[in-house]
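The sequence lines fix the lettering, A, B, ..., with proteins before strands; numbering per chain opens at 1.
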Amino acid sequence: MQMESIVSLCKRRGFLFQSSEIYGGLNGFWDYGPLGVELKRNVREAWWQDMVARHDDMNQLPGAPGPYSMEGLDCTIIMHPQVWKCSGHYDLFHDFMVDCRESKKRYRHDQLNGRWVEAKNKRVFVTAEAGDDEQKKMEQRALKFFNLRAKNVDDLKWDGGVACLTEVEDMEQVVGPDAKNTGTLTEPREFNLMFKTFVGALSGEEGAAYLRPETAQGIFVNFKNVLDSTRHRLPLGIAQIGKSFRNEITPRNFTFRSREFEQMEIEFFCHPDQSADWYRYWRDRRLKWYTDLGISMERLRMREHHEAELAHYSVGTADIEYAFPFMAEGEFGELEGIAHRGDFDLRSHMEGKLDEKTCPLEVQLDENGKPKWKGSGKDLSYRDDLSNEKYTPHVIEPSAGADRATLAFLCEAYTEDEAPDDKGKLQTRTVMRFHPRIAPIKAAVFPLVKKDGMPEKAKEIYLDLKREFNVFYDEKGAVGRRYRRQDEAGTPYCITVDGQTLADGTVTIRDRDSLEQQRIEVAHCAEVIRQRINQ
RNA sequence: GCGGGUGUAGCUCAGUGGUAGAGCGUCAGCUUCCCAAGCUGAAUGUCGAGGGUUCGAUCCCCUUCACCCGCUCCA
């Protein structure tokens with residue numbers, strides 16, 4: 001399978017290594033090697049340049065409903081724990097689970113229901129996974145436990161109605177949903193999809209904090225700061241690149257589902273009435289970003305979520321997906337999600353965590369009728385000083401995975417083609433066809449042969465180019481072999497000093513994909529590379 | 001989480017109850033005026049980790065870690 005070849009090349013050439021490899025590796029963690037770090041840096045850099053640095057708020061971009069501003073942010077990985085309670089991550093990512101020692105299955109503690117039942121002088125709590133047929137399953141479980149036939153169903157003495165397992169204290173009296181005996185379920189254990197840590201040297205529960213599971217919340221909580229410090233009007237986008245952490249249940253597929261990963265996120269704040277237009281703009285613009293950097297539409301797709309999948313406050317959500325080689329035919333993996341989030345996040349951080357099931361959105365209350373998670377109480381709404389209108393901005397969130405994008409670029413670039421060797425025999429050539437903008441090495445400089453002053457001249461060119469580009473010098477062995485090595489690293493251009501260079505000051509520049517060589521002046525090398533990268 | 005498979009040099013893999021090889025790659029030298037396999041020479045492995053059986057284990061057993069495939073779960 002092709003994915004194995006890609007993984008093998010990544011290791012061999014230094015794109016990706018398994019984390020802590022000498023100790024046997026660590027599930028869900030990966031390191032970038034010398035070529036990988038350049039590739040990922042370029043992906044990040046391309047995103048930042050295209051979305052933030054080169055953006056101007058004077059001109060209207062093609063497809064955009066109007067001009068807008070962009071700013072950057074870099075917030076901490078550890079934030080106030082209340083951030084995650086109001087964002088909903090604490091509830092969503094924080095469950096108590098019980099494991100069954102007999103069936104080896106795992107259940108959410110609060111999603112197991114059961115009933116007390118007595119027969120043959122024994123009283124147990126039979127359980128089933130919450131659902132329409134739970135009563136029937138409980139009955140079957142009880143009959144089995146007491147070794148009764150279906151016709152003796154009347155021997156079962158039920159005590160009370162259906163109750164949640166959370167209300168049972170003694171697990172020894174519980175029969176698991178797939179177990180034959182009592183006491184096979186473990187005590188409920190905290191199951192945390194967020195990485196927990198402790199702030200302060202005395203690490204007590206009061207210092208408990210979490211490594212962020214997404215960068216977005218740092219933007220929401222700084223929305224007012226950015227607005228106040230930059231004098232921008234809406235619409236305004238705030239961008240951030242940074243690490244996030246999730247205890248994925250099943251990390252798999254190379255770096256696709258890593259526990260430590262990097263996100264490139266934008267929170268785009270705009271007027272509610274324009275949010276639908278901005279949503280479409282960002283969706284289309286983000287798709288184009290991938291194709292501009294060389295991902296072909298054959299393996300890329302935009303998947304709009306169905307209305308049933310959407311939160312009711314959202315106008316739309318679309319995933320940009322890539323057909324990774326490790327996925328089954330016709331299956332795609334998410335690279336980026338573009339979500340219309342309404343005012344859910346800002347309002348949650350103001351008023352307290354909103355209940356996403358309510359319409360219109362209302363603060364989620366606990367059993368005492370108080371907010372389940374208190375918000376900051378700070379006003380995060382926006383007053384338009386031209387229209388004097390005050391509103392809570394709606395948010396469009398294009399959220400991209402830097403590691404997933406990098407992996408997609410690696411997969412897309414990987415090609416094996418055939419090129420004739422010096423005897424005319426066809427040989428397999430492995431080429432990483434990176435877009436020149438993201439290629440780890442932009443150009444290699446070679447002396448054709450290691451004599452006649454060619455190495456000296458080539459080194460001169462190399463040192464000159466190195467001031468501007470990541471370039472590579474190699475004088476060892478046959479030149480053909482050096483070309484092939486660069487093909488495998490994805491270097492788009494090779495500059496070769498030959499006999500003619502010493503006579504007329506020209507070199508050849510070889511194109512990785514076409515194998516064509518062109519003769520250019522030594523003095524023009526930097527200019528030619530610059531042009532070709534940016535074309 | 002469950003089931004199956006795999007783990008031996010940088011990579012791909014062979015191998016045996018008596019402490020290991022091949023190809024490619026790498027390095028050095030020679031050759032070479034343009035697309036890897038011309039020549040000569042060299043280096044490299046605690047055979048994933050821990051424990052057990054054995055006189056002796058890379059090989060057998062147990063545990064564990066990691067990777068791959070399928071299912072499940074998650075988003």
**OP:** Would you mind telling me which of B:A36, B:C74, B:C69 lies closest to the side-chain atoms of A:L193?
**Re:** B:C74

Original post:
When all nucleic acid strands are considered with a 4.0 Å heavy-atom cut-off, which category describes A:N253: base, sugar-phosphate, or nothing?
Top reply: sugar-phosphate

**OP:** Evaluate side-chain hydrogen bond (donor to acceptor under 3.5 Å, both in side chains) for A:E265 paired with A:T215, printing each intermediate quantity in order.
**Re:** CA-CA 7 Å; A:E265 290 197 295; A:T215 56; 2.4 Å; yes

**OP:** Can you check whether any acceptor in the base of B:C34 is under 3.5 Å from a donor in the side chain of A:Y483, or vice versa?
**Re:** yes

Subject >> Ionic contact status for A:R510 with A:D487, cut-off 4.0 Å >> reply: yes

Original post:
Can a salt bridge be assigned to the pair A:R530 and A:E527 using a cut-off of 4.0 Å between side-chain N and carboxylate O?
Top reply: yes

**OP:** To the nearest Å, give me how far apart CZ (A:R482) and C1' (B:C33) are.
**Re:** 11 Å

Subject >> Whole-Å distance separating the CZ atom of A:R252 from the P atom of B:C71 >> reply: 10 Å

Original post:
Between the side-chain atoms of A:R257 and the base atoms of B:C74, is any donor-acceptor pair under 3.5 Å?
Top reply: yes

Subject >> Residue A:R246, side-chain heavy atoms: nucleotide from B:G29, B:C67, B:A75 that is nearest >> reply: B:A75

**OP:** Please confirm whether any donor atom in the side chain of A:Q517 sits under 3.5 Å from an acceptor in the base of B:C34, or the reverse.
**Re:** yes

Original post:
Do A:T496 and A:D498 have side-chain N/O donor and acceptor atoms under 3.5 Å apart?
Top reply: no

Original post:
In the strands shown, is B:C39 matched to any nucleotide by a Watson-Crick or G-U wobble pair with both distances under 3.5 Å, and which?
Top reply: B:G29

Original post:
Just to confirm, is there a sub-4.0 Å distance from OP1 or OP2 of B:G25 to any side-chain nitrogen or oxygen of A:R481?
Top reply: yes

Subject >> A:D487 CG - B:C34 C1' separation (whole Å) >> reply: 13 Å

Subject >> Value in whole Å for how far the P atom of B:C68 lies from CZ of A:F254 >> reply: 9 Å

Original post:
Do A:R510 side-chain and B:C35 base share a donor-acceptor contact under 3.5 Å?
Top reply: yes

Subject >> Euclidean distance, atom CG of residue A:N27 to atom P of B:A49 [Å, nearest integer] >> reply: 19 Å

Original post:
Contact class for A:K476 (heavy atom, under 4.0 Å): base, sugar-phosphate, or nothing?
Top reply: sugar-phosphate

**OP:** Measure from the side chain of A:T496, starting at C-beta and using heavy atoms only, and say which of B:U32, B:C11, B:C34 lies closest.
**Re:** B:C34

Original post:
What is the distance, rounded to the nearest whole Å, between atom CE of A:M3 and atom P of B:C67?
Top reply: 13 Å

Subject >> Charged N-O contact under 4.0 Å between A:R301 and A:E304 >> reply: no

Original post:
Which of the following nucleotides, B:G10, B:C34, B:A75, is nearest to the side chain of A:E334?
Top reply: B:A75

Original post:
With both distances under 3.5 Å as the test, what is the Watson-Crick or G-U wobble partner of B:G56?
Top reply: none

Original post:
In whole Å, what separates the C1' atom of B:U53 from that of B:G21?
Top reply: 28 Å

Original post:
When the P atoms of B:C27 and B:C34 are considered, how many whole Å apart are they?
Top reply: 23 Å

Subject >> Sugar-phosphate only, base, or nothing, as touched by A:S8 at under 4.0 Å among non-hydrogen atoms >> reply: sugar-phosphate

Subject >> Interatomic distance where CZ belongs to A:R429 and P belongs to B:A36 [whole Å] >> reply: 10 Å

Subject >> Nearest-nucleotide pick for A:T508, side chain only, options being B:C67, B:C33, B:C34 >> reply: B:C34

Subject >> Electrostatic pair A:E267:A:R341 at N-O distance under 4.0 angstrom >> reply: no

**OP:** Describe the nucleic acid contact of A:G33 in one word from base, sugar-phosphate, nothing, applying a heavy-atom distance below 4.0 Å.
**Re:** nothing

Original post:
Is A:R485 salt-bridged to A:E488, going by a charged N under 4.0 Å from an acidic O?
Top reply: no

Subject >> Whole-angstrom distance between B:U12 and B:G25, as gauged at atom C1' >> reply: 11 Å

Original post:
Does any nucleotide pair with B:C71 by Watson-Crick or G-U wobble geometry, both distances under 3.5 Å, and what is it?
Top reply: B:G1

Original post:
Which base sits across from B:G23 as a Watson-Crick or G-U pair, both distances under 3.5 Å?
Top reply: B:C11

**OP:** Starting at atom CG of A:D319, determine the distance to atom P of B:A75, rounded to an integer number of angstrom.
**Re:** 14 Å

